[in-house]
Amino acid sequence: MTAYKRGEVVLVGFVFADESGRKLRPAVVISSLAYQRARQEVVVAAITSNVRRRLFGDHLIGGWQGAGLLFPSVVTGIMRTMKRTMIARTLGSLTKSDFEAVERELRRSLGL
């Protein structure tokens, strides 16, 4: 069983909203190891390279290159639970300050 650490940037197969196909996209792991062990799933937040459109709950990644991303990117407030088998590979990790900012935005988005 592969477990993923919070803050790891992974490449996942996101299914299109109309279920017509899927595309590999980067995402950041936001679920704990305990959650992953108990449920056999991983919760991720989507990452986009569209840095011009930032919405409520989004965070512009400062250390995008160190996270294994090819372009400046934003962690979005779009969260998804998926089977670990949908994760193709790990690209890198967010810096501590970037992940702390993501956590703040998640708390704001969820009203926690």
Side-chain angles (χ1 to χ4, degrees):
M1 170 190 96
T2 301
Y4 297 92
K5 294 179 188 168
R6 289 171 42 84
E8 279 189 310
V9 176
V10 294
L11 198 59
V12 299
F14 275 109
V15 177
F16 298 140
D18 65 1
E19 299 182 357
S20 62
R22 74 180 201 130
K23 190 168 188 176
L24 289 176
R25 295 281 188 193
V28 63
V29 175
I30 58 176
S31 58
S32 68
L33 294 174
Y35 177 94
Q36 294 173 45
R37 278 192 286 274
R39 300 191 63 101
Q40 306 295 308
E41 296 171 333
V42 179
V43 182
V44 298
I47 295 176
T48 181
S49 61
N50 184 355
V51 296
R52 290 184 183 169
R53 189 185 106 189
R54 288 199 301 241
L55 303 171
F56 186 86
D58 292 354
H59 168 70
L60 179 64
I61 302 169
W64 59 272
Q65 290 169 309
L69 298 165
L70 300 177
F71 307 101
S73 299
V74 171
V75 175
T76 71
I78 300 169
M79 295 165 267
R80 175 171 276 170
T81 302
M82 56 184 42
K83 297 286 185 191
R84 285 193 301 261
T85 57
M86 295 175 72
I87 297 176
R89 64 186 168 98
T90 300
L91 299 175
S93 294
L94 294 182
T95 63
K96 182 179 179 187
S97 62
D98 273 325
F99 192 66
E100 286 172 349
V102 168
E103 288 180 311
R104 278 192 303 276
E105 290 302 326
L106 288 171
R107 282 192 298 274
R108 252 178 20 114
S109 294
L110 298 171
L112 302 175

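Residue indices begin at 1 and follow the sequence shown.
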Note to self: Tell me which pairs pass salt bridge (charged side-chain N to carboxylate O under 4.0 Å, His left out) where either residue lies in residues 102-112, with sequence neighbours left out.
What the structure shows: R6-E103, E105-R108

Notebook entry, point to check: What pairs of residues pass the salt bridge (charged side-chain N to carboxylate O under 4.0 Å, His left out) test when at least one of them lies in residues 40-56, not counting sequence neighbours?
Noted result: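 Qualifying pairs, neighbours excluded: R39-E41, E41-K83.
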
Would you mind listing the cluster partners of [X]? Hydrophobic ones only (ILVMFWY), side-chain contacts under 4.5 Å, chaining allowed.
{"X": "I78", "answer": "none"}
{"X": "L110", "answer": "V9, L11, L24, V28, I30, Y35, V43, I47, I61, W64, L69, V75, M79, L91, L94, F99, V102, L106, L112"}
{"X": "L55", "answer": "none"}

Note to self: Side chains of R84 and Q40: any donor to acceptor distance under 3.5 Å?
What the structure shows: yes

Which heavy atom of [X] sits nearest to which heavy atom of [Y], and what is that distance?
{"X": "A27", "Y": "V12", "result": "CB-CG2, 4.1 Å"}
{"X": "S93", "Y": "E8", "result": "OG-CG, 3.8 Å"}
{"X": "S49", "Y": "S73", "result": "CA-OG, 4.0 Å"}

Notebook entry, point to check: Are the side chains of T48 and R25 in touch, meaning some heavy atoms are under 4.5 Å apart?
Noted result: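 No - every pair of side-chain heavy atoms lies 4.5 Å or more apart.
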
Note to self: One pair to check against side chain to side chain contact (heavy atoms under 4.5 Å, CB included): K96 and E100. What are the steps and the verdict?
What the structure shows: CA-CA 6 Å; K96 182 179 179 187; E100 286 172 349; 3.0 Å; yes

Note to self: Return the OH to CD1 distance between Y4 and I87, rounded to the nearest 0.5 Å.
What the structure shows: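 That separation rounds to 4.5 Å.
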
Notebook entry, point to check: Got a sec, which residues hit side-chain hydrogen bond (donor to acceptor under 3.5 Å, both in side chains) with D98, two or more places apart in sequence or on another chain?
Noted result: H59, T95

